[in-house]
Amino acid sequence: MVKQLVKEVIYSTYPIWKSKPDFLIIGAQRSGVTSLYRYLAQHPQALITWTWRETYYFDVHENYNKGIGWYLKHFPSKLRKGNKLTFEAAPSYLYHQYIPQRIQQDLGNIKMIAILRNPADRAYSAWQMFQNYSNNPDPYLRGIADDRTFAEAIAQELELLKSDSTPPKYPYDYIDKGKYANHLKNYYQYCDPQNIWVVNFEQFRDHLTVVLDKVCDFLEIEPFSSEQIKQFQNQKYATANYVKNIGDEDVLEKLKTYFIPENKKLYELLNVRFDW
């Protein structure tokens, strides 16, 4: 009880001398979030003070209920930060309906970056990741491993989407997570669209210099040097070399067809067209 009171007192002081993040990377899952976070963390005008990319504040109710002081403990002091930028990257922030309003309430008109990947490819990569968790030494990750085949997982989610009452599918949501227009529209209700920069994962992967230059311009920081870009091209984060199972390609092609109207909504929303 005493320890808890001490923590609460300490947290209450953080808004006075701790800095808020300058921007957020909000997703999407399996779309290069970790890579972008690691690259930006190496920028000379950035300052990161904790070891993991995300705080799980806006998405986890238990953490959010601890208050903004608890959140700010993850960030540097205003004095140490100076003119540098601090931030976090959370792939889950893109998806939950309640998150944009929380961000607006606590951080105001903060800049955000969303990396979007071909939704069918993203779904397949996510499924492979959850499949691989079955061999993970971490008991939590083993507990959320997906033991279904890709065909079974997609068929079950499609059936759930047809029903009137869809039970929670977290943490998978292979299909819903790829309906990017819905997620961005939710953000646009609370946040200025001009403050949300959308990056195409395929362009990020294939044209790193061009994309990072645009990101730096959006954040109003100096571009990375050519030497840093060369180093980044040899640095890969959160990559995985999974073997495709027989029949997965057919399911993937059907899923790409399913997403055609969803992708069209995204293109109309952003006034841009990706090669999906």
Side-chain angles (χ1 to χ4, degrees), residues 7 9-29 31-60 63-64 66-94 99-100 102-115 187 191-192 194-199 204 208-238:
K7 283 184 179 179
V9 171
I10 293 174
Y11 292 162
S12 70
T13 69
Y14 283 163
I16 301 172
W17 60 280
K18 284 277 195 176
S19 59
K20 291 183 178 181
D22 296 283
F23 68 95
L24 304 173
I25 303 174
I26 58 174
Q29 182 191 61
S31 300
V33 168
T34 300
S35 291
L36 182 58
Y37 171 80
R38 295 296 185 188
Y39 298 156
L40 288 172
Q42 297 176 63
H43 195 284
Q45 290 172 261
L47 179 62
I48 297 297
T49 58
W50 76 98
T51 56
W52 190 230
R53 68 186 180 198
E54 57 198 303
T55 64
Y56 300 100
Y57 176 65
F58 291 107
D59 54 336
V60 178
N63 290 338
Y64 190 76
K66 295 175 183 177
I68 188 68
W70 180 90
Y71 181 54
L72 296 183
K73 79 173 186 176
H74 299 87
F75 298 94
S77 68
K78 294 175 183 178
L79 182 63
R80 182 181 177 187
K81 177 180 178 292
N83 294 324
K84 293 188 176 183
L85 303 184
T86 187
F87 62 100
E88 70 164 323
S92 58
Y93 282 1
L94 184 63
I99 288 181
R102 288 181 173 181
I103 290 175
Q104 173 60 31
Q105 288 174 344
D106 288 353
L107 302 179
N109 296 317
I110 189 172
K111 290 185 177 182
M112 290 174 273
I113 301 171
I115 312 180
Y187 265 86
C191 309
D192 185 350
Q194 297 300 316
N195 284 342
I196 302 176
W197 184 260
V198 175
V199 176
F204 178 55
L208 184 61
T209 301
V210 173
V211 172
L212 285 182
D213 281 350
K214 290 180 179 178
V215 168
C216 288
D217 185 57
F218 172 68
L219 297 175
E220 300 180 85
I221 56 178
E222 294 296 319
F224 286 101
S225 67
S226 57
E227 290 78 13
Q228 284 180 300
I229 296 293
K230 288 179 181 178
Q231 291 177 358
F232 294 161
Q233 289 171 337
N234 296 320
Q235 296 172 1
K236 304 296 180 182
Y237 300 99

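In what follows, residues are counted from 1 in the order of the sequence shown.
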Student: How close do I110 and N195 get, counting heavy atoms only, and between which atoms?
Tutor: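 That closest heavy-atom pairing would be O-CB, 3.8 Å.
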Student: Parallel, tilted or perpendicular: which fits the ring planes of Y39 and F232, with parallel below 30° and perpendicular above 60°?
Tutor: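 Ring orientation, 0 to 90° scale: parallel.
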Student: Check L219 against L85 and note the closest heavy-atom contact, atom names and distance.
Tutor: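 Nearest pair, atom of L219 first, then L85: O-CD1, 4.1 Å.
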Student: Between the side chains of Y93 and E88, is a donor N or O closer than 3.5 angstrom to an acceptor N or O?
Tutor: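 Distance-only check passes for Y93 and E88.
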Student: Are the side chain of S19 and the backbone of P76 linked by a donor-acceptor contact shorter than 3.5 Å?
Tutor: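 Confirmed, S19 side chain pairs with P76 backbone.
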Student: Do other residues, nucleotides or ligands put more than 12 heavy atoms under 6.0 Å from the CD atom of Q105?
Tutor: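 Atom CD in Q105 is packed in, count exceeds 12.
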Student: Using the ring of F75 (Phe, Tyr or Trp, six-membered ring only), decide whether K81 places NZ or CZ under 6.0 Å from its centre and within 45 degrees of its axis.
Tutor: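 That pair does not qualify as a cation-pi contact.
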Student: Just checking Y71 against Y14, ring centres under 6.0 Å apart?
Tutor: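 Centroid distance Y71-Y14: not below 6.0 Å, so no.
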Student: Which is it for L107 and F23 under the side chain to side chain contact (heavy atoms under 4.5 Å, CB included) test, yes or no, and what are the steps along the way?
Tutor: CA-CA 9 Å; L107 302 179; F23 68 95; over 6 Å; no
Student: Is K111 reaching over with its side chain to a backbone N or O of W197, donor-acceptor style, under 3.5 angstrom?
Tutor: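 Flag not set: sc K111 to bb W197 has no pair under 3.5 Å.
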Student: Ring-plane angle category for Y57 and Y64, please: parallel below 30°, perpendicular beyond 60°, tilted otherwise.
Tutor: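 Tilted: the ring planes of Y57 and Y64 meet at 30° to 60°.
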Student: Could you pull out the closest heavy-atom pair between R80 and L47, with the gap in Å?
Tutor: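 Heavy-atom minimum between the residues: O-CD2, 3.8 Å.
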Student: Measure across V33 and A89 and return the closest heavy-atom pair with its distance rounded to 0.1 Å.
Tutor: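 What the structure gives for the nearest pair is CG1-CB, 3.7 Å.
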